[in-house]
Amino acid sequence: MANLSAKKGRDISVVLCGQAGQGIQTVEKLFTRILKANGYHVFATKEYMSRVRGGMNSTLIRISDKPVCAFIDRIDILVGLNKGTVKHLKKRITPETMIIGEMGVLGDEVENKNRLLDIPFSEIAANIGSKIYSNTVAVGALISMLSVKPEEVIDCLKQFFKDKSQEILEKNIEALKAGYEKAVNLENFSSIKIKAAAINEVKKQILVNGSEAVGLGAIAGGCNFISSYPMSPSTAVLVFLAQNSRDFGILAEQAEDEISAINMAIGAWYAGARAMVTTSGGGFALMTEGISLAGMLESPMVIHLAQRPGPATGLPTRTEQGDLELALYAGHGEFPRIIFAPGTLEDAFYLTQKAFNIADKFQIPVFILTDQYFIDSYYNTEPFNLKNCTVEKHFIETSENYRRYKLTEDGISPRGIPGFGRGLVCADSDEHDQEGHITEDLELRIKMVDKRLKKLDLIKQESIPPELLGPENYENLIICWGSTINIINEAVSNLGRKDTAVLYFKQVYPLHESANKLINKASKTIVVENNAAGQFARLLKIHADVNISHNILKYDGLCFASDSIAEKIKKLL
Amino acid sequence: MANLSAKKGRDISVVLCGQAGQGIQTVEKLFTRILKANGYHVFATKEYMSRVRGGMNSTLIRISDKPVCAFIDRIDILVGLNKGTVKHLKKRITPETMIIGEMGVLGDEVENKNRLLDIPFSEIAANIGSKIYSNTVAVGALISMLSVKPEEVIDCLKQFFKDKSQEILEKNIEALKAGYEKAVNLENFSSIKIKAAAINEVKKQILVNGSEAVGLGAIAGGCNFISSYPMSPSTAVLVFLAQNSRDFGILAEQAEDEISAINMAIGAWYAGARAMVTTSGGGFALMTEGISLAGMLESPMVIHLAQRPGPATGLPTRTEQGDLELALYAGHGEFPRIIFAPGTLEDAFYLTQKAFNIADKFQIPVFILTDQYFIDSYYNTEPFNLKNCTVEKHFIETSENYRRYKLTEDGISPRGIPGFGRGLVCADSDEHDQEGHITEDLELRIKMVDKRLKKLDLIKQESIPPELLGPENYENLIICWGSTINIINEAVSNLGRKDTAVLYFKQVYPLHESANKLINKASKTIVVENNAAGQFARLLKIHADVNISHNILKYDGLCFASDSIAEKIKKLL
Amino acid sequence: MKSEKFDMGDIDIAWCPGCGNFGILNVLKKTLDELKIDPGNLVLVSGIGQAAKIPHYLKTNFFNGLHGRALPPATGIKASNPSLTVIAESGDGDMYGEGGNHFIHTIRRNPDITNIVHNNMVYGLTKGQASPTSQRGFVTPVQVAGVILEPFNPLAVAIALNAGFVARTFIGDMDKTIEIFKKAINYKGYALVDVLQPCVTFNKINTYQWFRDNTYYLEDSYDSHDRNTAFKRATEPDKLPLGIFYINPDKTPFEENTGVYQQNDTPLFNREVDYGKLESLISKYALV
Amino acid sequence: MKSEKFDMGDIDIAWCPGCGNFGILNVLKKTLDELKIDPGNLVLVSGIGQAAKIPHYLKTNFFNGLHGRALPPATGIKASNPSLTVIAESGDGDMYGEGGNHFIHTIRRNPDITNIVHNNMVYGLTKGQASPTSQRGFVTPVQVAGVILEPFNPLAVAIALNAGFVARTFIGDMDKTIEIFKKAINYKGYALVDVLQPCVTFNKINTYQWFRDNTYYLEDSYDSHDRNTAFKRATEPDKLPLGIFYINPDKTPFEENTGVYQQNDTPLFNREVDYGKLESLISKYALV
Ligand SMILES: Cc1ncc(C[n+]2csc(CCOP(=O)(O)OP(=O)(O)O)c2C)c(N)n1
Ligand SMILES: Cc1ncc(C[n+]2csc(CCOP(=O)(O)OP(=O)(O)O)c2C)c(N)n1
Ligand code: SF4
Ligand code: SF4
Ligand SMILES: [Mg+2]
Ligand SMILES: [Mg+2]
């Protein structure tokens, strides 16, 4: 039996598997927090079914002494809480995988019984007083691998159960200890001890997931209005802002539908608020008329679009990068827009923050394009730095003869808001004159189209360049956008080739002018995307004027895995 | 004063101009019908404001002894019913333009009084009994130019006023005669006589506009269900089918909104009806979630999308080709579709007819992309031939173990409908198994995505090739799609160059494989489109893998004019 | 409560143990069975949500469409083939929230369909946000200070729209629910049945017990033919009455009114184009 | 009836001569004048249609949005700056058809806005199709055999939704309309005024004369505080009563309920982010 910790520099991957409602989330939350508090780098992400109870879900937790922030297929330790665990994860389980669980539950599924550490969670928990402590028993078993003693995590437990009664806390401590004892005393236990070193800096870092990074970025961007309609996986951002609404004076309203949500938010911008919507798939499809309205009114707008697999209802709780082209072309008629696609938590925070300022500046819709994988993944990262965050308010106090759509050199008309200044603010969805009144003057129409579209030139000047990771003198270029970056980056780093670099686009439209050169410099280019049609490759063809040699596509509703994608890339090099 | 008819082979262009509600339409309708009945080729189109009364609208009527079917800027004869006529059309009026109108109304605007034929329509009409006969007085004046005598058009009048009383008919005959008399007796009248020969075949031809061609095509395609929400310019098709609903057993329902319209229509297809929706701009934006539903359910669907200038409300009664990319990418997730863009009345009829069969065959959404210019234009054309029209019903009678989404070689699962056969028909917007039940089997997900997308290969094999007009050995290729074809074709023909051909796409997606070769053969390529962004050129770049040398774009809400576009093309050659 | 005809056998049902949806599923199967409806002649139309998964759990034709959009396809289906029995069934968020406009206008349109709404006063599938019928003060992850909107009263609105059949049941009483389902399905025209259904996971306020304590049946003597009385009873401030609030026996269903079936009752799928007539229509355009 | 403050001078108005919209425009200007509302503090929100063009014809801030979507931006505007007077005004098709879902849920939400609906029982701008309020049998180019849907009764629906202020006026009586507009604007909360307005071009049935013959005022003794009576009067089968059907003086407007203005009445545009608080929120994520 191999000692996991022996493979030097390798992190440990722990997967929890069970039914919805069985408490995997508690194990995950408590365990990752204990890990971080003890100085381990940690990454976690989950895949789950669209149901509230039952089914089979799993969470991956990676533990390392180096930063770790990507999904992998490999499972070192599998904690199975439910029958069906092995079947559910069969493709990822190898002979090396150690399985922790109850013999009574998993006994039938595990072929090599040697690999099964039998810990009767529920029996131990029942002895303490109730089966509900099973989860904490499991956590106790898990910490034992880290050579972390129960005493060292009492503070964590106290913090975690701070809203519960003293009795509950004590029972949980008891459960943790019992799980720990059971594990360390198991015969084949020592083989799975983890030797990753604890790093002091990690303790000061924050542990946030994608939706929290977007939500914190929104607050930093001055967001004070969110109107949305629940839809997985985008709801998390609505919930985050609602939870913080009292502290930050945010009006968080659940609209009757997505059409109302976006129209309400555009109204809010008109009156000077900084508004956003958060939505997914079909909800966004319903907002597309509103996107066009923002285009015509020249209203700022921030749209968080968390992608999931379509068409139609598709796979509501899974991941995909399938709505890029929809975001790019949504809305009838022609008008400019910006699409950010953050792939790291840091980028999610700063780009969301920036989205509000830039939407306000150019008076256009700005998208934050994420996906279920990104929203539901978290890792420790430096606390977001607020030093450079400011709320740039681009509206003006109007004077008497204010004209909302004044024709200016650069196409940007100073934006007034009603009740602030002595002018009148007239916003019109028809083609309009400079004052905002409906017009059928077709020469003016041309001027107004030009005015709206020429803002794109300015916007391009401020585009964020793609980020090159790896050697500057590359032969092969692996291109990705949005949520896949950490996965691709880990995969390509692990290949360790001096001729291969990664190009990461966090702004996917409009593209920075450097894109063409950077891509053409490579003799082989591979675009990796989480969709079936290769949408970003098409976008690059039109907007960066490049042809791509290869596509790696994935569309089963799961994200890429850094270990298996590395194999695929290797084959193409 | 030039004699118009002297310019050999040239047609005469008559423009009527006046307020909404002033009766231009009556003049136009009666006059064009008289023209056709008398053997003239005739083309008519209008431009109008988004209001029911007032404003300034105009209608162009072209009269020729050769087929004529395109807009031109040139005005030979201008009939002005209202003050402001000259200002409204100033860019198109030349010293050669002859103006017919009342001195009291137009006197102040017409600089060269010699060019004004003073016919006091309303005074003459009032003498007959009421000002409402003014329009017929104007028609009388117009026919005088054709050397058509009032007696020869009495039948036309009878037909035209067949639903009116005998008295009204007689008064109108009187008015027509009076207008005629007044005109022929005018001093400078003879100069505008038209010498175009009457052609017998024309009489047997039909005079239909774009919306009628689409509507007739729909009936020929077996359409028996239309659910839509009014929106200019698409409403005309809803009205046409409603008007014919009793005769053809069509259920025509005005839905409460566009979302309901498309969902109702998809429901109708599910139950075996052949349904369509007709919509424009923002109405279509609202349907995009439904498009995605059709994609996932693998439901046939026919969407008539009549474009108008956006964004948002834009210019509701004007024309633009601005929604091509929206139609192409509408709906979240990835699934195949077909987009037809008929540019001739014949194509509109046959492609709409075909749309129903092909939607049924491939179980996908099929678009008919038109625009206001196309919808509101008409000319004489051969009666649509029904010989090759059949309703190909692609659904089957189900047997006991029927599975709606059976995995087949080519991706097409036989489509059953409920209540026909012994099987159950289960349609699901979630990712589903072969039976149509919701699934989270992610390997099956891949199969289902592949199944849906691979239909595109079959569809491509049936794509309609672009039509080459002009010399086969071309140097220059003028590329257009949809409604502009007749205009571009006339313009390029008139240039009379042996090195320049026109390539007309009536199917814009997916493209026929010949597109690449045909385009690459030219050394210079010009895409002409009625939008500001050059959407079709972008589409060609991705899907035909070609680069275009020049774009000619127009986005003032008006269509191209064959005379002025010819100048523009010439400059680029 | 067994119903062989519609039973799916041993399937995995995605609802939480104890959920009121199970009761509705059983009641529905029983009702259909007792009405001797042929599964092949039935179409169950739903949107998206926990409730909206119901078509997957019984043997029937179904159209499981988009969230909020069950009624338009149900109308399209019924109007295309009136011989089908069509039931549109979804959650309260689906029917009264996202689908509110269709709710209003389908009632006005009056197709002969039965509209069953699983009203758990919460968004179940998306994990516990307020629905239009959530009561004031109901605290959720989004409504952090509790619901501040006036709860949607589906019965009062349906009565205001002059719906032909308006009823409310509580799934805690299966027998009575079956009885009312039967009447609703047999009613010729649009029939609304709002079914009170506990969500044991996300609605800890409106539990089985709460519904038992806060509902009662309209008296036997209640006359369901008076619209004003029906409105009054539907807007009572305290307890929620159960039963049939309003029946209007004089309405003609939409599909009969459309004219498409006046001379010809063939469903649309079985019709052919009259090309002769079309030819003469086309030739009319050759005339003035 | 002159109103200098809101007058636009000599402008081209796109309505047909004789259209009832002119009356509504005049009444609105007069009302605003008499209420001493400052044009700079007023926002008129409309959708698309003939009625929806009204903001272009008086001096005011306006948001002329999408067809059917006047109420959501009106809500967003009011909630972002409660010191503005917000009026949402559009046609019957816009408010009750395309915008039906917002109509329902805005009433539930109860922002302090006034909702004026130009009810001409037809789609004017798109040339004469039926609107939700078109009467049965009304023949149009689309409804070729006449309307077969139950006409939408906005008052009854608003009362069913427990709207706080529900009124109907006829533009043939300007004085009474001004009086009711004033009360509606002064009402703290959502106020509906359905204004009967002849469309002289496309509705040849519901003319000025027809409205005169088919309306009458609620008696002086009428008590507008009883919801059941209000419902009864709103659903009378024959003539259409005019006046204020229902007032509920006890409602709190949405924006007050949101919590955003409880400690701080600064409008949102004038607020700053509390970066200190944000920093401590972020640092909490460093803890367990
Ligand atoms: C257009 C769209 N918006 C949002 C969603 C997400 N969504 C799925 S179910 C649901 C609400 C479910 O609530 P309800 O209809 O009451 O059903 P329940 O789950 O409570 O039975 C929502 C918001 C969606 N699928 N589509
Ligand atoms: C999404 C969308 N659908 C349809 C239209 C077309 N449209 C413009 S106005 C209108 C109806 C107007 O009727 P109503 O609201 O009653 O106003 P009225 O013209 O009668 O005053 C319609 C259908 C549109 N602009 N947008
Ligand atoms: S979440 Fe609620 S409604 Fe959904 S299955 Fe569970 S108990 Fe039922
Ligand atoms: S069409 Fe009707 S509503 Fe519109 S302006 Fe004319 S009369 Fe008024
Ligand atoms: Mg619910
Ligand atoms: Mg109207």
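Numbers restart at 1 for each chain; the letters A, B, ... are given by sequence-line order, proteins then strands. This structure is a prediction, so every number in the text was calculated from the model and none was measured.
At a 4.5 Å heavy-atom cutoff, the contact between Leu161(D) and chain C is made by backbone and side-chain atoms alike. Interface residue Ile148(C): backbone and side-chain heavy atoms are both found under 4.5 Å from chain D. At a 4.5 Å heavy-atom cutoff, the contact between Asn257(D) and chain C is made by backbone and side-chain atoms alike. Heavy atoms of Leu155(D) lying under 4.5 Å from chain C are absent altogether. With a 4.5 Å cut-off on non-hydrogen atoms, Phe103(D) does not touch chain C at all. The part of Pro151(C) that comes within reach of chain D is its backbone (N, CA, C, O), which places non-hydrogen atoms under 4.5 angstrom from that chain.
Counting heavy-atom pairs closer than 4.5 Å to chain D, the top-ranked of the candidates Ile107(C), Asn153(C), Thr235(C) is Thr235(C). Heavy-atom pairs under 4.5 Å with chain C peak, among Gly259(D), Gly99(D), Gly100(D), at Gly100(D).
Val122(D) places a side-chain heavy atom less than 4.5 Å from the side chain of Phe138(D). Counting heavy atoms from C-beta outward, Arg271(C) and Val260(C) have side chains that approach closer than 4.5 Å.
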Go through the steps to decide whether Asn120(D) and Asn203(D) satisfy the test side-chain hydrogen bond (donor to acceptor under 3.5 Å, both in side chains), and finish with yes or no. CA-CA 8 Å; Asn120(D) 54 7; Asn203(D) 189 334; over 6 Å; no
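Looking at Glu150(C) and Tyr190(D), their side chains never bring a donor and an acceptor atom within 3.5 Å of each other.
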